[in-house]
Amino acid sequence: MSRIAACLQDLATRGRRAVVPYIVAGDPAPQITVNVMHALVEAGVDMIELGVPFSDPMAEGPVIQLAHERALAHNVSLRDTLAMVTEFRRDNTHTPVVLMGYANPVEHMGYEAFAQAAAKAGVDGLLTVDMPPEEAAPLTAALKAAGLDSIFLLAPTTTDARIEKVAALASGFLYCVSLKGVTGAGHLDIGAVEALMQRIRSHTQLPIMVGFGIQDAATAAAVARVADGVIVGSALVRRMAERAAEHGPNHATEAVDLIAGMRAAIDALES
C-alpha cells in the first residue's frame with residue numbers, strides 16, 4: 001500500500017478529513033521550502049502538495065503564477081524540487097508528498113528516469129495538470145512501476161464518461177476542482193460541490209480531495225463536510241508572500257497559522 005493510500009485509509013478509519021496544503025518549491029526562496037514543509041506538518045496537515053516551478057503554469061491564477069516566477073528567478077528546477085523532498089525525508093518519513101506540475105519537465109527528464117528519481121527522493125505521487133487521460137498511460141505505467149500514485153484533476157464540466165476513464169487510471173486520490181476557472185478564483189457553491197462529489201463517487205472508491213477557492217477556515221470546514229479532504233493553495237501562497245515581503249523569506253513559515261486554523265475548524269466539525 002502506498003504512503004498516500006495508507007494515510008487516507010487511516011484518516012477514513014478515524015472519521016477524519018485530510019488537510020493538504022500546496023506550496024511552490026523554491027518560493028519565496030529555495031532555502032525556506034523544507035522548513036515550510038516541516039512547519040506545515042507541525043500545523044496538522046496530512047499530506048503536502050509541492051508545486052514544480054514552470055514558466056507557463058496555465059491552470060494557476062495570479063497568486064500562484066507569481067510564486068512560480070519567484071521560484072524560477074532562483075533557478076529552481078525539477079531536480080532541485082526532488083532534492084528538497086530528499087532533504088524533507090531525512091526527518092519525516094510518514095507524511096505523503098505529491099508533486100504537482102506540468103508535463104514538459106517530466107517529459108524532458110523521461111518518464112522512467114523521473115519516476116525512479118522521484119521514488120528515490122521520497123515522492124509519493126504526481127499530478128500533471130496538462131496531461132489528458134488519453135495520453136497518460138505511458139507516464140502512469142512508469143509511475144506505477146516505481147510505486148508512485150497517479151493523481152488526476154476532475155472539474156465541474158467533466159462528463160460522467162470522462163470521470164469513469166480518469167478514475168480507471170488514477171490511484172491514491174482524485175483532485176476535484178471545486179469551480180470553473182483558475183486557482184484562487186471565484187466563490188464556492190457548496191451545494192454544487194456536493195452534487196459533483198456524488199457524481200464522482202458513483203464511479204470510484206478513491207478518496208476525493210477538493211481544491212481551488214478554499215480561502216479560510218469556514219470554507220475549509222464547509223467543504224470538509226462533503227469531501228474526503230481539502231487542498232489549500234492560493235490563500236497559503238499569498239500569505240507566505242506577504243510575510244516574506246514584510247519581514248524576509250525566513251518568516252514565510254509564519255503563514256502556516258492559516259492552515260492551523262483550518263485544521264482546527266475541521267477538527268471541531270468532526271468532533
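Note that this is a predicted model, so its numbers are computed, not measured.
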Please say whether more than 12 non-hydrogen atoms of neighbouring residues, nucleotides or ligands are located less than 6.0 Å from CD in Glu242. yes
Got a donor-acceptor contact below 3.5 angstrom from the Thr93 side chain to the Arg89 backbone? no
Pairs where residues 194-215 contributes a residue and the test salt bridge (charged side-chain N to carboxylate O under 4.0 Å, His left out) is met, not counting sequence neighbours: Asp160-Arg199, Arg201-Asp228
Checking His108 now: which residues fulfil ring-ring contact (aromatic ring centres under 6.0 Å, His included) with it, not counting sequence neighbours? none
Could you check Val230 against Met262 for side chain to side chain contact (heavy atoms under 4.5 Å, CB included), going step by step and ending with a plain yes or no? CA-CA 9 Å; Val230 298; Met262 292 182 179; 5.6 Å; no
Less than 4.5 Å apart, any side-chain heavy atom of Cys176 and any of Leu196? yes
What's the separation between atom CG in Leu148 and atom CG in Asp124, rounded to the nearest 0.5 Å? 7.5 Å
Does Leu82 reach the side chain of Val123, with side-chain heavy atoms less than 4.5 Å apart? yes
Is there a donor-acceptor contact under 3.5 Å from the side chain of Gln65 to the main chain of Glu60? yes
First locate atom OG1 of Thr128, then atom CG of Leu143, and finally report the distance between them rounded to the nearest 0.5 Å. 7.0 Å
Show the atom names and distances, to 0.1 Å, of all donor-acceptor pairs under 3.5 Å that link a side chain in residues 132-142 to residues at least two apart or in another chain.
unit_1	atom_1	unit_2	atom_2	d
Glu134	OE1	Arg162	NH2	3.2
Glu134	OE2	Arg162	NH1	2.6
Thr140	OG1	Ala136	O	2.9

Would you say Val52 and Leu66 are hydrophobically clustered, going by side-chain heavy atoms of ILVMFWY under 4.5 Å? no
Are Met209 and Ile151 packed together at the side-chain level, in the sense that at least one heavy-atom pair is separated by less than 4.5 angstrom? no
Gap separating the CZ atom of Phe114 from the CG atom of Leu126, nearest 0.5 angstrom: 4.5 Å
Determine the minimum heavy-atom distance between Gly172 and Leu8, stating which atoms define it. O-CD1, 3.6 Å
Which of these, Leu50, Thr33, Ile48, sits in a side-chain contact (heavy atoms from CB on, under 4.5 Å) with Val85? Leu50
Gap separating the CG atom of Leu154 from the CD1 atom of Ile208, nearest 0.5 angstrom: 8.0 Å
Is there a donor-acceptor contact under 3.5 Å from the side chain of Asp267 to the main chain of Ala264? no
Show, in sequence, the C-alpha distance, side-chain angles and deciding distance for Met131 and Glu107, and conclude whether the side chain to side chain contact (heavy atoms under 4.5 Å, CB included) test is met. CA-CA 11 Å; Met131 177 69 73; Glu107 291 177 344; 4.1 Å; yes
Residue pair Phe173, Val20: steps toward the side chain to side chain contact (heavy atoms under 4.5 Å, CB included) verdict: CA-CA 12 Å; Phe173 65 90; Val20 184; 5.7 Å; no
Inter-residue atom distance Ile64.CD1 - Asp27.CG, 0.5 Å rounding: 9.5 Å
Residues which pass side chain to side chain contact (heavy atoms under 4.5 Å, CB included) with Glu164, listed by chain and number, not counting sequence neighbours: His203
If I compare all heavy atoms of Leu269 with all of Ala221, which pair ends up nearest, and what's the gap? CD2-O, 3.3 Å
Under 3.5 Å donor-acceptor, Ser150 side chain and Ser171 backbone: no
Beyond-backbone contact of Pro30 with Met84, side-chain heavy atoms, under 4.5 angstrom: yes
Arg238 vs Leu258, side chain to side chain contact (heavy atoms under 4.5 Å, CB included): CA-CA, chis, key distance, verdict: CA-CA 11 Å; Arg238 180 187 299 110; Leu258 173 73; over 6 Å; no
For the side chain of Arg3 and the backbone of Gly122, is there at least one donor-acceptor N/O pair under 3.5 Å apart? yes
Ala227 versus Val210, closest heavy-atom pair with distance: CB-CG2, 3.5 Å
Write down the atom of Arg243, the atom of Ala255, and the distance for their closest heavy-atom approach. NH1-N, 3.9 Å
Under 3.5 Å: donor-acceptor pair, side chain of Ser178, backbone of Phe212: yes
Who passes side chain to side chain donor-acceptor pair (under 3.5 Å) against Thr158, sequence neighbours left out? none
Leu236 side chain reached by Leu40 side chain, heavy atoms, under 4.5 Å: yes
Hey, any chance Val24 and Leu72 share a hydrophobic cluster, counting ILVMFWY side chains that come within less than 4.5 Å of each other, even indirectly? no
Sequence neighbours left out, what passes side chain to side chain contact (heavy atoms under 4.5 Å, CB included) with Ala5? Give chain and number order. Met1, Ser2
I need the Leu174 CG to Ile200 CD1 distance, nearest 0.5 Å. 6.5 Å
Determine whether Leu127 and Leu153 make a side-chain contact, defined as any pair of heavy atoms from C-beta on separated by less than 4.5 Å. yes
Taking the six-membered ring for Trp, are Tyr102 and Phe54 parallel (under 30°), tilted (30 to 60°) or perpendicular (over 60°)? parallel
Any side-chain heavy atom of Tyr175 within less than 4.5 Å of one from Val98? no
Assess whether side-chain hydrogen bond (donor to acceptor under 3.5 Å, both in side chains) is satisfied between Thr13 and Asp10, documenting all intermediate values. CA-CA 5 Å; Thr13 300; Asp10 176 65; 5.8 Å; no
Could you check if a side-chain atom of Met37 sits within less than 4.5 angstrom of a side-chain atom of Glu87, using non-hydrogen atoms only? no
For Ile32 and Pro249 the tightest heavy-atom approach is CG1-O, 3.5 Å
For the student: nearest non-hydrogen atoms of Ala241 and Arg70, plus distance: CB-NH2, 3.6 Å
Check: Ala103 main-chain N/O paired with Asp130 side-chain donor or acceptor under 3.5 Å: yes
